[in-house]
Amino acid sequence: MVRRRLGSVLAAVAVAGLVYAGAAVRDSAGQESAQGPTVGATTSSVRVLTWNVCGESGSCRAQDQAEQQAVRIANLAASQNADAVFLQEVCGEEAKNDVAYDGSKKASTSLVTLVDGKLGEGWSVAFLPYTRPAESRFGGSVPVAPSVAPSYPPRYQNPQATSDFRCRGPLLVGVQGIAVAVKGETGEPEEFELHSPKAGLFLKALCVRRAGSAPVRFCTSHLTPQSEDLDSRAGFSYRAEQVQRLGELVGDGHDTVFGGDFNSRPPDDPSVGADRNILAPLYGKYRECEQGASGTARKGSGTMWDDTDQDLRTDRKYDYLFSKSSFSSCQVLSDPALAAWSDHLPVLGTVPVTTG
C-alpha cells in the first residue's frame, strides 16, 4: 500500500476538491485515462528532477552515508529550484526494521525520512516500497525459467509478495522503494501495480497530485532491469508491458509529468538492437525531456556512470522525464562530484503543464 507523505497531507475532503474537469475517466475498455484540458484551463511551468540514488545495494557508493546523501538531494532540489523530485532505489519506512535481521544497524532513520527533513517545511513526500516473492532478508528467490506462453498472464496481478526488499549496510535502515517529493501540499498518493517477473522485484508506479490552483500530477516508476526481463527471451518483454501500463495510467497526460529509471535505452539509440521498441510507445504519445521543441529526436545523453570507473560517464540513457508538452529545458546533471553518490546521473527538466 502507498505510504502517506511524511509531513502533513491534505484531509480527505480537501482531496475530493481536486476532482476537476480533466480528471481521470474510464474508456470503453474500462481503463483510466485523462481527458484533455477544458475551458478555463491554466498552464504553469514546473521543474522536475529524477534521480536513481542507488541508496541501498552493497555496490552503491553512498550505502553508509545516508545523511550526507540526503543533504545532497535536498541541495540539488533547492539549487535547481525543483517543484518535484522523483527518487528510485531509496530506503524508507524504518518502522519495518526487524530485530531478527536489523539488530546490528548503527542508524535508526531512513534516507527518505532524512530527505524529508532536509527539504524542510513546504514539501510533501510520499514513499512506496518494492516487494519480492521471498521470505529471506534480501529478497532472494529461486530463478524462474523464461516463459514460453504465447500471451501474458493476467495483467497487473502479480503473485502475492511475501517480503519487502530490506536495505543493506550498517547505516541503512528500512526497505527499498520509490519516492515523490513535491513542493507544496498534495492529495493522497496513488499506487499502480506493474506486471513484473516472477523472480525479482514487484514494481509499481507512484503518483501524487499537487494541491492548489495548478494541480499538476507527478508520477515515478522503476522498470524491470534488462537482466531480469526473462520473458524478453521468449519473444516479449515485461518492460514493454510496464510501459503499456504507464501509458494507460497517465492517459492523455496533459496534466502530468512522469519519469524515473526505465532500464531501457531510447528507440533511436544505435546500440539498442531488439530493445529499440520498449519505450517507443511513450515517445509516440508524449515528449521526452531531451527531445526539445521539434520532438523528432528519440535518443539522448547518457545517464549512467561507468561500472568500474565512477568518474567516467557512459552513453547509456536509462533515466527519463515525459510530459504531453515539449520541455523548454532539459539537463543531465554531470557534475563529477555526483558520481560519489550514485551510478546514475540526475535528469532535470522544465515543462509547461496544463491543468483544469
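Here the structure is a predicted model, which is why all the values come from computation and not from measurement. Along the sequence shown, the residues carry numbers beginning at 1. Computation of the quantities below employed the complete heavy-atom set of this structure, encompassing side-chain atoms and omitting hydrogens, waters and symmetry-equivalent molecules.
Atoms CG and CG, on N263 and D229 in that order, are 9.5 Å from each other to the nearest 0.5 Å. Between atom SG of residue C330 and atom CG of residue L348 there is a gap of 7.5 Å, rounded to the nearest 0.5 Å.
Inspection of the T220 and Q88 side chains reveals an N or O donor paired with an N or O acceptor under 3.5 Å.
Remark: side-chain polar atoms of E290 are paired, donor with acceptor, to backbone N or O of S301 under 3.5 angstrom. Side-chain atoms of S328 come within 3.5 Å of backbone N or O of T350 as a donor-acceptor pair. Between the Q80 side chain and the A77 main chain, no donor and acceptor come within less than 3.5 Å of each other. Side-chain atoms of S325 never come within 3.5 Å of backbone atoms of V353 as a donor-acceptor pair (strictly under, hydrogens ignored). Here the side chain of S79 pairs a donor or acceptor atom with the backbone of N75 at under 3.5 angstrom. D306 places no side-chain N or O within donor-acceptor distance of the main-chain N or O of R313, the cut-off being under 3.5 Å. Within the 3.5 Å criterion, the main-chain N or O of A214 finds no donor-acceptor partner in the side chain of S44. The closest donor-acceptor contact from the side chain of Q176 to the backbone of C167 lies at 3.5 Å or more, if one exists at all. Counting only distance, with no hydrogens or angles, the side chain of R209 and the backbone of P215 share a donor-acceptor pair below 3.5 Å. Of the possible polar contacts, none joining the S227 side chain to the P225 backbone as a donor-acceptor pair under 3.5 Å is found.
Pairing each heavy atom of Q242 with each of L194, the nearest pair is CG-CB, 3.8 Å. Considering every non-hydrogen atom in both T50 and G259, the closest pair reads OG1-C, 4.4 Å. Between A205 and L249, the shortest heavy-atom distance links the atoms CB-CD2, 4.1 Å. The two residues P189 and A126 make their nearest non-hydrogen contact at CG-CB, 3.8 Å. The nearest pair of heavy atoms linking C54 to S342 is CB-OG, 3.5 Å. Smallest separation of non-hydrogen atoms from D319 and K317: O-NZ, 3.0 Å.
For E94, there are no salt bridge (charged side-chain N to carboxylate O under 4.0 Å, His left out) partners two or more places apart in sequence or in a different chain. Scanning for side-chain hydrogen bond (donor to acceptor under 3.5 Å, both in side chains) contacts around S264 gives R239, with sequence neighbours left out. Contacts of D268 classified as side-chain hydrogen bond (donor to acceptor under 3.5 Å, both in side chains), with partners at least two apart in sequence or in another chain: R298.
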(message) For T186 and R210: C-alpha separation, side-chain torsions, deciding distance, then whether side chain to side chain donor-acceptor pair (under 3.5 Å) applies.
(response) CA-CA 4 Å; T186 64; R210 186 174 67 182; over 6 Å; no
(request) Test F202 against Y130 for side chain to side chain contact (heavy atoms under 4.5 Å, CB included), laying out the working first. (result) CA-CA 6 Å; F202 292 163; Y130 306 132; over 6 Å; no
(request) Go through the steps for R265 and D315 under the test side chain to side chain contact (heavy atoms under 4.5 Å, CB included), then give the verdict. (result) CA-CA 10 Å; R265 296 205 188 197; D315 64 354; 3.5 Å; yes
(message) Using side chain to side chain contact (heavy atoms under 4.5 Å, CB included), reason through L76 and L333 one step at a time and then give a plain yes or no.
(response) CA-CA 10 Å; L76 267 183; L333 304 180; 3.9 Å; yes
(request) Assess whether side chain to side chain contact (heavy atoms under 4.5 Å, CB included) is satisfied between L223 and D261, documenting all intermediate values. (result) CA-CA 7 Å; L223 304 191; D261 176 2; over 6 Å; no
(message) Checking Y286 against F258 for the ring-ring contact (aromatic ring centres under 6.0 Å, His included) test, could you report, in this order, the C-alpha distance in whole Å, the side-chain angles of both residues, the deciding distance, and whether it holds?
(response) CA-CA 10 Å; Y286 314 104; F258 68 101; 5.2 Å; yes
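Using a 4.5 Å cut-off on side-chain heavy atoms (C-beta onward), F192 and C207 make contact. Two residues are said to be in side-chain contact when any heavy atoms from C-beta on lie closer than 4.5 Å; I178 and V90 fail this criterion. T354 places none of its side-chain heavy atoms less than 4.5 Å from the side chain of D255. Between N52 and H222, some side-chain heavy-atom pair lies under the 4.5 Å cut-off. Side chains of E191 and L206 form no contact here, defined as non-hydrogen atoms less than 4.5 Å apart. Side chains of T224 and L203 form a contact here, defined as non-hydrogen atoms less than 4.5 Å apart. You'll find the side chain of P266 stays beyond 4.5 Å of the side chain of E288, heavy atoms only. Put simply, the side chain of W51 does not reach to within 4.5 Å of the side chain of V85, judged on heavy atoms.
With hydrophobic clusters built from ILVMFWY side chains whose heavy atoms lie under 4.5 angstrom apart, V112 does not share a cluster with V173. A single hydrophobic cluster is not seen to contain both M304 and L279; linkage of ILVMFWY side chains at heavy-atom distances under 4.5 Å, directly or through other members, places them apart. Residues V351 and V180 share a hydrophobic cluster, clusters being chains of Ile/Leu/Val/Met/Phe/Trp/Tyr side chains in contact below 4.5 Å. The hydrophobic clustering, which links ILVMFWY residues whose side-chain heavy atoms are closer than 4.5 Å, places L345 and F327 together. Under the 4.5 Å side-chain heavy-atom criterion for grouping Ile, Leu, Val, Met, Phe, Trp and Tyr, V332 is not connected to Y318 through any hydrophobic cluster.
The aromatic rings of F322 and F262 sit parallel, their planes meeting at an angle under 30°, below the 60° perpendicular limit.
In this structure, R316 pairs ionically with D307, as a charged nitrogen and a carboxylate oxygen lie closer than 4.0 Å. A salt bridge links E190 and R217; the closest N-O separation between the charged side-chain nitrogens and carboxylate oxygens is under 4.0 Å.
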